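This report concerns only the one structure given below.
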Amino acid sequence: MDPEKHSAEAVGEMAPPPAKPEHDPEEIPSVEGVMHERDAITLHQELAGFLERKGNLDEHQAKRLRKSWDTLSAVLKEDSPMRRKLDGGFETLRDRIHRQVEERNREFAELEQQVEQLKQSLESNDLNTSQQLEQKIINGLNRIRGLSAQRRQKVIGDLEALQPKIKKLASWKNWGNEQAREKIIDEIRNIHDHETDLGKIAKRIQQAREEWKQWDLSDEGGGHKLYAVFDSVCTKSYEPCKEHFENLRKQRQAASRNRAQVCETLEKTYEDTDWRNPDWKAIQQLIREQTVRWRKLGSADYRDRKPLARRFEAIVSRFEGPLERERKRNLKQRRELIEQVQGLAGMEDSRKAMSELQVLKKQWRVTVSGSRKQEQAAWNRYTEACDSVYKRDKASKKAFERQLAEQLEVKKKLCAEIEAMVGENPSDPEDVETRLKRWKTAWEEGGRVPKHQEKQIQKRYRDAMGTARKFLSGLRRAAQSTLNAHLFRRAAACAELEAGILDGSSPDVDARRADFDVLPSLADDLQGVMEARFQAAAEAVNSDTKLNELRESLDRNFERINGYLLQLEINAGVDSPAAYAKQRMALQIGRLSAALGKEADQELLENQALVERIHTTGAVSASQQVEINQRFEAGYQALYSPDPQPQSS
């Protein structure tokens, strides 16, 4: 039968059923209608199950279902809902059968084409192609479902007619195969002499066995007389490969263990991480390191590859969630930081801008880095913003450097003015002190100078001020020496009056008073003390009570004056009489204790205060006065030399 005709017949068999004859509704009992409806439901269920099958449908069963529908359609009500469903279902069935028949016709046409190609290859004496086509045709016959016996027999007949030609070509080839077999045996026997890669050797041995197998198939069966030799040679040559593949197997097992270890490391890190305060850099670094390690590891065992890959991808994905959230948060924070840096470029105070920039730069921190492109873009924006602040600061620094140079010139002029003052040799200490205060204030308000000249100008200022202060100190010492000379004269007048009273010479008080009153005046407090001392001595002339009080005060006064003298001698660095060595030592210890922050037993007095107290304390005996004068003169000269020497008191 012709293929196209067969196809048409198949399609015709699935044509729609003839129109249902008209029946009088009154002639069909209602019970039968119900039964027909049930049959329709059953048929629809069977049809639906049939259509759900995959692949080719059984055409005989399709015809049976179609005949059942033809019979049922004649008695089923026109308005039955199952009629519409069954019509649709059988329309689908008809389309599938139609496509199935067309596919079978196409495959059969390919078989016929392959038969023609086989004839042409045999005409060309191409045995290999002929054998391949022969096998394809046989496989095609076994593969095509529903092929008619007539068509199948036609192809089989064509193959049988071509078999003698195929066998003849195979016999021609047999002689060549014999030489090829001997050649491949020699190749495998000597393969280790030409190749060192055991993997390639094993692959070549496998290929040789496949070639031998193909020769056996083409020679109508195996069991060639050289096969035992070939198999022995292959087995012997393959022996060294066994150890190689065993090592590869161990390497794959080790790779499986190492890959599992990578997964365990990441999983444990994920579980042990405090996600409220994670070390993002350490986490990202760990993932990078383990990912690089994963990629460098060799292939795992075949059965472990996919499970381990899924495990690795799963744990990396678990990390990626929090990492991505932190990546976005950190990138947003850095972008806000860039905006703050950009705002500094517009600040009027460039020094303040630079100060704030240093604070902001410390806040630039990459916790989780993004892509290379993203990170590079953020870094470029950040550095550009910083450069804008630096450029503005550079311009400001130039202006600042000009200001420093101007301030340096001011300070140089100030130093020159201080240095010139000493050369002028002024005599008024108060005026000099006023100038020093003014210069100190001007220096402090003069601002900064260039750093490389700062030490030099400061040294010049310190030297000039030091010289000026020494000059002022000299003026003050000279002035103080003058005042002390007035003090010494009044003290001497009092001492002469007291000595005359004590030795009973009855001095002329009025004359002494007149001489005392014309002496140079002292400061108000000292003037009052000396007036009181002179008055106490004058009253002792006419009062026995006052005279007795004067006499009783001599030793007490000497004890106090001796204490003042010891302090003066310590300050002046001169020796004290040996009799007062213990007192001096105790006083020195007390002064040391005071210097260390401890309570002092003796009151520490300044040198001038000591001078004044020695001369204002009161009368002492004549012998004590001589000792006092000698000790005071030595101490005073050491402290005030070359100032004028004090008069004896």
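Treat the numbers as computed from the prediction; the structure is a model and nothing was measured.
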message: Quick check: do T467 and E419 have side-chain heavy atoms less than 4.5 Å from each other?
response: no

inquiry  = Would E339 and L337 count as a side chain to side chain contact (heavy atoms under 4.5 Å, CB included) here? Give the steps.
reply    = CA-CA 5 Å; E339 292 177 358; L337 187 66; over 6 Å; no

The side-chain contact (heavy atoms from CB on, under 4.5 Å) partner of T291 among R295, R293, E289 is R295

For this session: Go through the steps for R311 and E267 under the test side chain to side chain contact (heavy atoms under 4.5 Å, CB included), then give the verdict.
Result: CA-CA 10 Å; R311 183 180 176 186; E267 289 164 351; 2.9 Å; yes

Working note: D517 + R513, criterion salt bridge (charged side-chain N to carboxylate O under 4.0 Å, His left out); need CA distance, chi angles, decisive distance, verdict. CA-CA 6 Å; D517 290 341; R513 163 62 73 179; 3.3 Å; yes

Looking just at side-chain N and O atoms, do N629 and Q625 make a donor-acceptor pair shorter than 3.5 Å?
yes

When I561, I628, V529 are each screened for side-chain contact (heavy atoms from CB on, under 4.5 Å) with T617, the one that passes is I561

Interatomic distance, CG@L483 vs OG@S521, rounded to 0.5 Å, equals 11.0 Å

Is there a donor-acceptor contact under 3.5 Å from the side chain of T269 to the main chain of T265?
yes

Indicate whether the side chain of R252 and that of S299 have a donor and an acceptor atom separated by less than 3.5 Å. no

In short, E375 meets G370 closest at the heavy-atom pair OE2-N, 2.7 Å

Heavy-atom nearest pair, L487 first then L522, reads N-CD2, 3.6 Å

Worksheet item: Does a side-chain N-to-carboxylate-O contact under 4.0 Å join E498 and R533?
Response: yes

Measuring only between side-chain heavy atoms, which start at C-beta, is R381 closer than 4.5 Å to R335?
yes

Do the side chains of E384 and Q342 get nearer than 4.5 Å, heavy atoms only?
-> no

Determine, step by step, whether Y461 and W439 satisfy the ring pair (Phe, Tyr, Trp, His ring centres under 6.0 Å) criterion, reporting the C-alpha distance in whole Å, the side-chain angles of both residues, the deciding distance to 0.1 Å, and the verdict. CA-CA 10 Å; Y461 170 74; W439 288 330; 9.4 Å; no

Between the OH atom in Y564 and the CD atom in E569, the distance rounded to the nearest 0.5 Å is 15.0 Å

Note: P577 and R631 closest approach over all heavy atoms is CD-NE, 3.5 Å

Pair Q376-N380, side-chain donor/acceptor within less than 3.5 Å = yes

inquiry  = Would R259 and D304 count as a side chain to side chain contact (heavy atoms under 4.5 Å, CB included) here? Give the steps.
reply    = CA-CA 10 Å; R259 289 180 183 274; D304 296 332; over 6 Å; no

Here the gap from K268 atom NZ to E271 atom CD, rounded to the nearest 0.5 Å, amounts to 10.0 Å

Show the numbers, then the answer: is there a side chain to side chain donor-acceptor pair (under 3.5 Å) between S369 and R288? CA-CA 12 Å; S369 59; R288 287 174 179 169; 2.5 Å; yes

Rounding to 0.5 Å, atoms CZ (R489) and NE2 (H615) come to a distance of 13.5 Å

field: Under-4.0 Å salt bridge between E326 and R329
entry: yes

Exam field: side chain N562 to backbone F558, donor-acceptor pair closer than 3.5 Å | no

* To do: Please assess V262 against I315 for the test side chain to side chain contact (heavy atoms under 4.5 Å, CB included), listing each intermediate value before the final yes or no.
  => CA-CA 10 Å; V262 169; I315 185 57; over 6 Å; no

Salt bridge flag under 4.0 Å for residues R305 and D301
no

Report task. For S621 and Q624, run side chain to side chain donor-acceptor pair (under 3.5 Å): C-alpha distance rounded to whole Å, both residues' side-chain angles, the deciding distance at 0.1 Å, then the answer. Result -> CA-CA 5 Å; S621 66; Q624 291 172 335; 3.0 Å; yes

Self-check item: Side chains of W280 and R327 in contact at under 4.5 Å (non-hydrogen atoms)
Solution: no

Closest non-hydrogen atoms of E454 and V449, given as atom of the first, atom of the second and distance, are CA-CG2, 3.6 Å

Quick check: does any side chain N or O of K391 sit under 3.5 Å from a backbone N or O of A345, one acting as donor and the other as acceptor? no

May I ask you to decide whether D463 forms a salt bridge with K459, counting only side-chain N to carboxylate O separations under 4.0 Å?
yes

Value for CZ (F471) from CE (M421), rounded to nearest 0.5 Å, stands at 6.5 Å

Counting C-beta onward and ignoring hydrogens, is there a side-chain heavy-atom pair between L502 and L554 closer than 4.5 Å?
yes

Check your understanding: Are Y636 and F488 close enough that their ring centers fall under 6.0 Å?
Key -> yes

Under 4.0 Å between a Lys/Arg side-chain N and an Asp/Glu carboxylate O for R435 and D431? yes

Between Q637 and E633, does the side chain to side chain donor-acceptor pair (under 3.5 Å) criterion hold? Intermediate values first, please.
CA-CA 6 Å; Q637 286 184 1; E633 182 178 359; 3.2 Å; yes

Q. Is there a donor-acceptor pair under 3.5 Å between the side chain of W275 and the backbone N or O of Y270?
A. yes

Here the pair of heavy atoms bringing I283 nearest to P278 is CD1-CB, 3.8 Å

- Task: Decide yes or no for Q567 and L587: does some side-chain heavy atom of the first lie under 4.5 Å from some side-chain heavy atom of the second?
- Result: yes

Problem - Other residues, nucleotides, ligands: >12 heavy atoms within 6.0 Å of Q363 CD - result: yes

R438 versus E417: any side-chain heavy-atom pair under 4.5 Å? yes

Inset, instruction - Check the surroundings of atom CG in D525: do more than 12 heavy atoms from other residues, nucleotides or ligands lie under 6.0 Å from it? - result: yes

* Give a yes/no verdict on a cation-pi contact between R334 and Y382, requiring under 6.0 Å between NZ or CZ and the six-membered ring centre and an angle within 45° of the axis. => no

- Message: Under the criterion salt bridge (charged side-chain N to carboxylate O under 4.0 Å, His left out), I'd like the reasoning laid out for K413 against E409: C-alpha separation, chi angles, the key distance, then a yes or no.
- Response: CA-CA 6 Å; K413 292 179 180 179; E409 291 302 318; over 6 Å; no

Determine whether K412 and R460 make a side-chain contact, defined as any pair of heavy atoms from C-beta on separated by less than 4.5 Å.
-> yes

Rounded to the nearest 0.5 angstrom, the CE-CZ distance for M530 and R490 is 7.5 Å

Shortest non-hydrogen pair, A619 vs L550, comes out as CB-CD1, 3.8 Å

Is it the case that atom CD in Q527 sees more than 12 heavy atoms from other parts of the structure closer than 6.0 Å? yes

- Message: Pair N484, Q608 - check side chain to side chain donor-acceptor pair (under 3.5 Å), show working.
- Response: CA-CA 9 Å; N484 285 343; Q608 183 58 33; 2.8 Å; yes

